[in-house]
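First comes the structure, then the notes that go with it.
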Amino acid sequence: MTKKIAFLFPGQGAQAVGMGKDLYENCESAKKVFDTANVVLGKSITDLCFEGPEDALKQTVNTQPCIVTMSIAALEALKSACGITPNYTAGHSLGEYCAMYASGVMSLETALKAIQKRADLMGQTKGGAMAAVLNSTEEALKESLKEASEVGYVDVANYNSPAQVVITGDEKAVAKAGELLLAKGARRVVPLAVSGAFHSKFMENAGLEFEKFVADLDLNNAEVPVFTNVDATATTNAEDFRVKMPKQIYSSVHWTQTIQKMVEDGVEIFVEIGPGKVLAGLNKKIAPAAKVYNVFDKASLDSVVEALNEELNGAAV
């Protein structure tokens, strides 16, 4: 394979009622993933994904295992259709668990149990706020957060693209930072409907609890390097994942930096695997020259397999 390729997996917010149904009905490998999730988690992931209702699907305790199940099902469908091994994997927040699965760090059962525990702990943590900030300069962001921190705690949750960051923290401090950012030229500040201040110190207790859980998880060294959210670094050592998984819950997601580093290392093709096209949209802002494909249903799967065949010099995949 001459061109470098990376597999990407989306995070919370990508969910939609009906996701994965087409793959379940048309791909045996995808069906097996969903059926396994139903058994391992002791609840009907298939019903939640395929039928909803939306209010149930968007609850953190359901959203996270549902997105992971659907994304891994799409991955297995892709693997069944072609034999491509990526050079790197990465996932946005909860999507990192799909990346670790794809890279051989954990089994399907381990990934499902881990994401459900993570979702339970994060879902129990209340308080705080989050807001998306569009088209702010780095300087304005830094100044606004510093000034707003006099009102309360506020930090960056996600570096999503050069044109979008998400801030997180105390409700008043997030609101104050938003006002300051608008005054300093940000195009928009959009409050997010979330149950808590994800990727902030509000989540530290959840992270500490998760650390106890992760201590006993069966983890392997990665067969394919995973770019981890907490530091945008290609990671392969099992014990490094064990340290980073709890930390990820209350640390910033360095997504922009992850994609930039992959491109610097020669990645030309990205395949977003899972519901929606959120990461593809971010990629266009971060690395507009790179090609991005999406696998989210049977039709997109077929077209991606065909496109990758052509991309990779007509090689058999």
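Bear in mind that the values here come from a model prediction, so they are computed numbers and not experimental data.
The side-chain heavy atoms of Tyr101 and Leu75, taken from C-beta on, include a pair separated by under 4.5 Å. Between Leu94 and Arg118, some side-chain heavy-atom pair lies under the 4.5 Å cut-off. Residues Leu8 and Ile273 form no side-chain contact, since every pair of their non-hydrogen atoms from C-beta on lies 4.5 Å or further apart. Side-chain atoms of Val304 and Asn294, non-hydrogen and from C-beta on, never get closer than 4.5 Å to each other. Contact annotation: the side chain of Ile259 never approaches that of Phe227 to less than 4.5 Å [non-hydrogen atoms, C-beta and beyond]. A 4.5 Å side-chain heavy-atom check between Glu51 and Val17 finds every atom pair outside the cut-off. With a 4.5 Å cut-off on side-chain heavy atoms, Tyr88 and Val226 do not count as touching. A 4.5 Å side-chain heavy-atom check between Val156 and Leu145 finds at least one atom pair inside the cut-off.
In summary, the side chains of Gln116 and Gln64 do not present any donor paired with an acceptor at a separation below 3.5 Å, with no hydrogens or angles considered. For Ser161 and Thr256, the side-chain atoms include no donor-acceptor pair closer than 3.5 Å. Side-chain atoms of Asn205 and Tyr250 include no donor-acceptor pair closer than 3.5 Å. A donor-acceptor contact closer than 3.5 angstrom links the side chains of Thr110 and Ser107.
Atoms CD1 and CG, from Ile167 and Leu141 in turn, are 7.5 Å apart once rounded to the nearest 0.5 Å. Here Glu143 contributes atom CD and Ser136 contributes atom OG; the two are 9.5 Å apart, rounded to the nearest 0.5 Å. If you take OG on Ser252 and CG on Asn158, they are separated by 8.0 Å, rounding to the nearest 0.5 Å. Atom CE of Met106 and atom CG of Asp218 lie 9.5 Å apart (nearest 0.5 Å). Atom-to-atom distance recorded for Phe34:CZ and Cys27:SG is 10.5 Å, nearest 0.5 angstrom. With values rounded to the nearest 0.5 angstrom, Met203 atom CE is found 13.5 Å from Glu209 atom CD.
Of all the heavy atoms in Gly11 and Ile67, the pair that sits closest is O-CD1, 3.5 Å. Counting all heavy atoms, side chain and backbone alike, Val189 lies closest to Leu181 at CG2-CB, 4.4 Å. Nearest heavy atom pair, residue Ala148 against residue Val154, reads CB-CG1, 4.1 Å.
Residue pairs that meet the side chain to side chain donor-acceptor pair (under 3.5 Å) test with at least one member in residues 234-247, sequence neighbours left out, are Thr228-Thr235, Thr228-Lys244, Asp231-Lys244, Thr235-Lys244, Glu239-Arg242. Applying the side chain to side chain donor-acceptor pair (under 3.5 Å) test to every pair with at least one member in residues 163-181, sequence neighbours left out, gives these pairs: Asn160-Gln164.
The number of heavy-atom neighbours closer than 6.0 Å to NZ of Lys184, taken from other residues, nucleotides and ligands shown, is above 12. The number of heavy-atom neighbours closer than 6.0 Å to NZ of Lys21, taken from other residues, nucleotides and ligands shown, is 12 or below. Atom CD of Glu25 has more than 12 heavy atoms from other residues, nucleotides or ligands within 6.0 Å. Under a cut-off of 6.0 angstrom, the local environment of NZ in Lys32 is sparse, with at most 12 non-hydrogen atoms contributed by other residues, nucleotides or ligands.
Ser200 places a side-chain N or O within donor-acceptor distance of the main-chain N or O of Phe202, the cut-off being under 3.5 Å. Under a 3.5 Å cut-off, the side chain of Asn38 and the backbone N or O of Thr46 do form a donor-acceptor pair. Not one N or O on the side chain of Asp265 forms a donor-acceptor pair closer than 3.5 Å with the backbone of Lys261. Side chain of Ser103 to backbone of Met100: no donor-acceptor contact under 3.5 angstrom is found.
The distance between the ring centers of Phe50 and Tyr24 falls below 6.0 angstrom. Ring centroids of Phe9 and Tyr97 are separated by 6.0 Å or more, keeping the two rings apart.
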Lys277/Glu272 under salt bridge (Lys or Arg N to Asp or Glu O under 4.0 Å): CA gap, chis, key distance, verdict: CA-CA 7 Å; Lys277 296 183 178 181; Glu272 180 178 0; over 6 Å; no
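Taking the ring centre of Tyr153 as origin, the terminal cationic atom of Lys201 falls inside the region bounded by 6.0 Å and 45° from the ring axis.
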